[in-house]
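Comments concern the structure below.
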Amino acid sequence: MTVLSVSKLCKAYGGVQAVCEVSFSLASGELLALIGPNGAGKTTCFNLLNGQIAADSGSAEFEGASLIGRKPRQIWRMGVGRTFQITATFSSMSVRENVQTALLNFHGKLNSLVSLAAYQYRDEAMQLLTRVGIAAQADRPCAVLAYGDLKRVELAIALANRPRLLLMDEPTAGMAPTERVALMQLTAELARASGIAVLFTEHDMDVVFAHADRILVLNHGRLIAEGKPADVRANRKVQEVYLGSGAVYGGAHA
């Protein structure tokens with residue numbers, strides 16, 4: 001089932017075309033990677049889909065409903081989750097409290113009395129932390145967590161609104177190689193088990209080629225290639241502008 005359908009999406013800043021007539025679709029349970037050189041338009045594309053910036057033209061539909069013109073909070077409530085390149089947790093709060101806060105927001109109770117809020121959705125928060133493999137650290141403040149564990153907390157927070165679409169901007173940025181593999185493997189398992197469509201950007205090509213079902217390649221705001229990892233890896237234009245003609249990924253390096 002198609003979850004996200006994007007058609008001829010455009011955004012310009014002055015004379016610079018950040019995103020130019022980008023079109024693609026994304027199905028339930030699919031992991032779609034959006035890659036390209038710095039300045040290719042990847043984050044701009046994400047921000048258009050998330051409502052952080054307004055599109056100049058084109059369309060983006062989530063389960064048949066337009067995302068264009070909606071605010072990020074509205075899009076989140078529709079069932080679109082997002083993680084960011086730099087983690088954004090409340091450092092003085094515990095891991096569980098961070099997830100509880102997201103759940104309070106989802107259930108429309110963010111303005112509950114603090115004394116009551118601390119006891120709400122504890123079980124649901126623990127279930128989410130168990131899903132991402134960090135339940136054992138539920139009572140620790142986020143300030144003391146290793147960066148890889150913070151990324152798992154952020155993923156649990158992103159799952160709090162029960163998303164059918166998850167936008168992940170550089171999910172493994174700043175992580176050690178083994179942590180990158182573990183996080184993306186976890187994401188893939190969750191996506192396929194729950195039917196969550198995942199669109200992610202990533203600079204680590206080993207991560208991309210190991211976990212993406214399909215890959216989109218942007219350059220100067222335009223989509224220059226789309227397909228299965230093997231097809232994109234062999235695409236001469238992609239090699240020229242991004243991968244390098246001698247690059248080999250998926251377990252080996254040039």
Side-chain angles (χ1 to χ4, degrees), residues 1-6 24-35 42-43 45-47 49-50 60-65 67 72 75-85 87-88 98-99 102-103 106 124-135 148-173 175 177-217 226-232 249-250:
M1 182 184 74
T2 299
V3 173
L4 177 66
S5 180
V6 177
F24 64 90
S25 62
L26 178 56
S28 174
E30 183 181 25
L31 272 72
L32 179 62
L34 182 62
I35 68 173
K42 304 183 296 295
T43 297
C45 189
F46 263 52
N47 289 339
L49 298 176
N50 196 49
E61 293 189 348
F62 169 64
E63 297 181 336
L67 298 177
I75 292 172
W76 184 78
R77 289 206 169 276
M78 290 170 67
V80 180
R82 180 167 182 180
T83 67
F84 294 85
Q85 181 175 352
T87 56
N98 268 270
V99 180
L103 289 167
F106 174 67
E124 191 173 348
M126 288 304 299
Q127 290 171 9
L128 288 172
L129 292 174
T130 299
R131 289 181 72 187
V132 301
I134 199 171
D149 290 335
L150 279 175
K151 287 286 189 176
R152 288 175 180 262
V153 176
E154 187 182 40
L155 179 57
I157 291 170
L159 295 173
N161 71 324
R162 302 170 189 172
R164 279 94 65 202
L165 170 62
L166 183 57
L167 306 176
M168 304 181 77
D169 192 2
E170 298 284 352
T172 71
M175 299 178 72
T178 54
E179 290 178 323
R180 295 174 189 172
V181 172
L183 181 68
M184 288 311 299
Q185 183 62 44
L186 171 64
T187 301
E189 291 170 358
L190 291 173
R192 286 159 188 155
S194 303
I196 302 171
V198 178
L199 177 65
F200 71 99
T201 67
E202 183 58 60
H203 281 298
D204 186 326
M205 291 300 99
D206 285 332
V207 168
V208 169
F209 285 107
H211 298 288
D213 297 306
R214 287 189 299 125
I215 300 172
L216 305 172
V217 187
E226 176 183 358
K228 294 184 179 298
D231 297 328
V232 170
Y249 298 95

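The figures here come from the full heavy-atom set of this structure, side chains too, leaving out hydrogens, waters and symmetry mates. Nothing fancy with the numbering, it's 1 onward along the sequence.
Distance check, rounded to the nearest 0.5 Å: NE2 of H203 to CD of E170 gives 4.0 Å. With rounding to the nearest 0.5 angstrom, the CG atom of L49 is 8.0 Å from the CG atom of L165. From L4, atom CG reaches atom CG of L167 across 7.5 Å, with rounding to the nearest 0.5 Å. For the atom pair CG (L26) and CZ (R214), the distance works out to 7.0 Å, reported to the nearest 0.5 Å. The CG atom of N50 lies 11.0 Å from the CG atom of L199; values are rounded to the nearest 0.5 Å. Separation of atoms CZ (F200) and CG (L32) is listed at 8.0 Å; rounding is to 0.5 Å.
Here the side chain of S28 pairs a donor or acceptor atom with the backbone of G195 at under 3.5 angstrom.
Contact annotation: the side chain of I157 approaches that of N98 to within less than 4.5 Å [non-hydrogen atoms, C-beta and beyond].
The heavy-atom pair separating P229 from I215 by the smallest distance is CA-CD1, 3.7 Å. The two atoms that bring L67 and I75 nearest to each other are O-CD1, 3.8 Å, heavy atoms only. Closest of all the heavy-atom pairs between P171 and L183 is O-CD2, 3.4 Å. Nearest heavy-atom pair across L129 and V99 is CD2-CG2, 3.8 Å. Taking both residues in full, the closest heavy atoms of P163 and G81 are given as CB-N, 3.7 Å, listed atom of the first, atom of the second, then distance. Minimum interatomic distance between A65 and M78 (heavy atoms only, all atoms of both residues): CB-CE, 3.8 Å.
Applying the side chain to side chain contact (heavy atoms under 4.5 Å, CB included) criterion to A160, with sequence neighbours excluded, gives A102, L103, L128. Under the side chain to side chain donor-acceptor pair (under 3.5 Å) criterion, Q127 pairs with no residue, sequence neighbours left out. Take D213 and apply the side chain to side chain contact (heavy atoms under 4.5 Å, CB included) test, not counting sequence neighbours, and it matches E30, L31, R192. The side chain to side chain donor-acceptor pair (under 3.5 Å) test applied to E63 returns R164, not counting sequence neighbours. Every residue two or more places apart in sequence or in another chain that forms a side chain to side chain donor-acceptor pair (under 3.5 Å) with S194 is listed here: R131. The side chain to side chain contact (heavy atoms under 4.5 Å, CB included) test applied to P177 returns no partner, not counting sequence neighbours. Partners of T172 according to the side chain to side chain donor-acceptor pair (under 3.5 Å) rule, which considers only residues two or more places apart in sequence or in another chain, are E202. Under the rule for a salt bridge (Lys or Arg N to Asp or Glu O under 4.0 Å), E61 has no partner lying at least two apart in sequence or in another chain. Applying the side chain to side chain contact (heavy atoms under 4.5 Å, CB included) criterion to A230, with sequence neighbours excluded, gives R233. Partners of R152 by salt bridge (Lys or Arg N to Asp or Glu O under 4.0 Å), not counting sequence neighbours: none found.
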Would you check, one step at a time, whether the test side chain to side chain contact (heavy atoms under 4.5 Å, CB included) holds for V208 with V232?
-> CA-CA 11 Å; V208 169; V232 170; over 6 Å; no
Intermediate values then yes/no, side-chain hydrogen bond (donor to acceptor under 3.5 Å, both in side chains), N47 and R82 = CA-CA 10 Å; N47 289 339; R82 180 167 182 180; 2.9 Å; yes
Might you work through the side chain to side chain contact (heavy atoms under 4.5 Å, CB included) test for F46 and L34, ending with a clear yes or no?
-> CA-CA 10 Å; F46 263 52; L34 182 62; 4.1 Å; yes
Evaluate the side chain to side chain contact (heavy atoms under 4.5 Å, CB included) criterion for residues M175 and M184: first the C-alpha distance (whole Å), next the side-chain angles of each, then the deciding distance (0.1 Å), finally the verdict.
-> CA-CA 11 Å; M175 299 178 72; M184 288 311 299; over 6 Å; no
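Here salt bridge (Lys or Arg N to Asp or Glu O under 4.0 Å) pairs that include residues 178-188, with residues two or more places apart or in two chains, are R180-D204.
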